[in-house]
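Report on the structure given below.
Quick note: numbers below take in every heavy atom, side chains included, and nothing from hydrogens, waters or symmetry partners. Positions are given from 1 along the sequence.
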Amino acid sequence: MLILVAALLLMGIALGTAAHLPLPVTLIAAAVIAGWLLVFFLRERRHQVEVTSR
(Lines give C-alpha, C1' and ligand atoms only; values in the text may rest on other atoms or scores of the structure.)
Protein backbone atom coordinates (compact mmCIF):
# COMPACT_ATOMS: atom_id res chain seq x y z
CA MET A 1 0.00 0.00 0.00
CA LEU A 2 2.86 2.33 0.77
CA ILE A 3 4.24 1.76 -2.72
CA LEU A 4 0.93 2.87 -4.25
CA VAL A 5 0.91 6.03 -2.15
CA ALA A 6 4.47 6.78 -3.26
CA ALA A 7 3.50 6.14 -6.88
CA LEU A 8 0.56 8.54 -6.61
CA LEU A 9 2.81 11.16 -5.03
CA LEU A 10 5.37 10.78 -7.81
CA MET A 11 2.62 10.93 -10.44
CA GLY A 12 1.33 14.14 -8.87
CA ILE A 13 4.79 15.64 -9.03
CA ALA A 14 5.20 14.45 -12.62
CA LEU A 15 1.83 15.86 -13.64
CA GLY A 16 2.69 19.17 -12.03
CA THR A 17 5.92 19.39 -13.97
CA ALA A 18 4.36 18.06 -17.17
CA ALA A 19 3.09 21.54 -17.96
CA HIS A 20 6.70 22.76 -18.08
CA LEU A 21 8.20 19.87 -20.05
CA PRO A 22 8.15 19.32 -23.80
CA LEU A 23 5.52 16.87 -25.03
CA PRO A 24 7.96 14.06 -26.01
CA VAL A 25 9.54 14.07 -22.55
CA THR A 26 6.10 13.96 -20.93
CA LEU A 27 5.04 11.04 -23.13
CA ILE A 28 8.22 9.11 -22.35
CA ALA A 29 7.71 9.66 -18.62
CA ALA A 30 4.07 8.54 -18.95
CA ALA A 31 5.18 5.38 -20.78
CA VAL A 32 7.74 4.59 -18.07
CA ILE A 33 5.13 5.02 -15.32
CA ALA A 34 2.59 2.92 -17.23
CA GLY A 35 5.18 0.18 -17.74
CA TRP A 36 6.07 0.17 -14.05
CA LEU A 37 2.39 -0.09 -13.11
CA LEU A 38 1.90 -2.94 -15.58
CA VAL A 39 4.85 -4.85 -14.11
CA PHE A 40 3.50 -4.25 -10.60
CA PHE A 41 0.04 -5.48 -11.65
CA LEU A 42 1.43 -8.65 -13.25
CA ARG A 43 3.62 -9.46 -10.23
CA GLU A 44 0.71 -8.98 -7.84
CA ARG A 45 -1.59 -11.11 -9.98
CA ARG A 46 1.00 -13.90 -10.22
CA HIS A 47 1.52 -13.77 -6.46
CA GLN A 48 -2.23 -13.96 -5.85
CA VAL A 49 -2.55 -16.99 -8.13
CA GLU A 50 0.28 -18.74 -6.28
CA VAL A 51 -1.32 -18.04 -2.89
CA THR A 52 -4.78 -19.27 -3.92
CA SER A 53 -3.39 -22.46 -5.49
CA ARG A 54 -1.84 -23.55 -2.18
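Open room surrounds CD on Q48; 12 or fewer heavy atoms of other groups in view lie less than 6.0 Å from it. The environment of CG in L9 is crowded: more than 12 heavy-atom neighbours from other residues, nucleotides or ligands sit within 6.0 Å.
Taken to the nearest 0.5 Å, the CZ atom of R43 stands 12.5 Å off from the CG atom of L38. Here the straight-line distance linking atom CG of L37 with atom CE of M11 works out to 6.5 Å at 0.5 Å rounding. Atom CG of residue L4 and atom CD of residue E44 lie 8.0 Å apart, to the nearest 0.5 angstrom. In this structure, CG on L10 lies 8.0 Å from CH2 on W36, to the nearest 0.5 angstrom. Taking CD1 of I28 as the reference point, atom CD1 of I33 lies at 12.5 Å (rounded to 0.5 Å).
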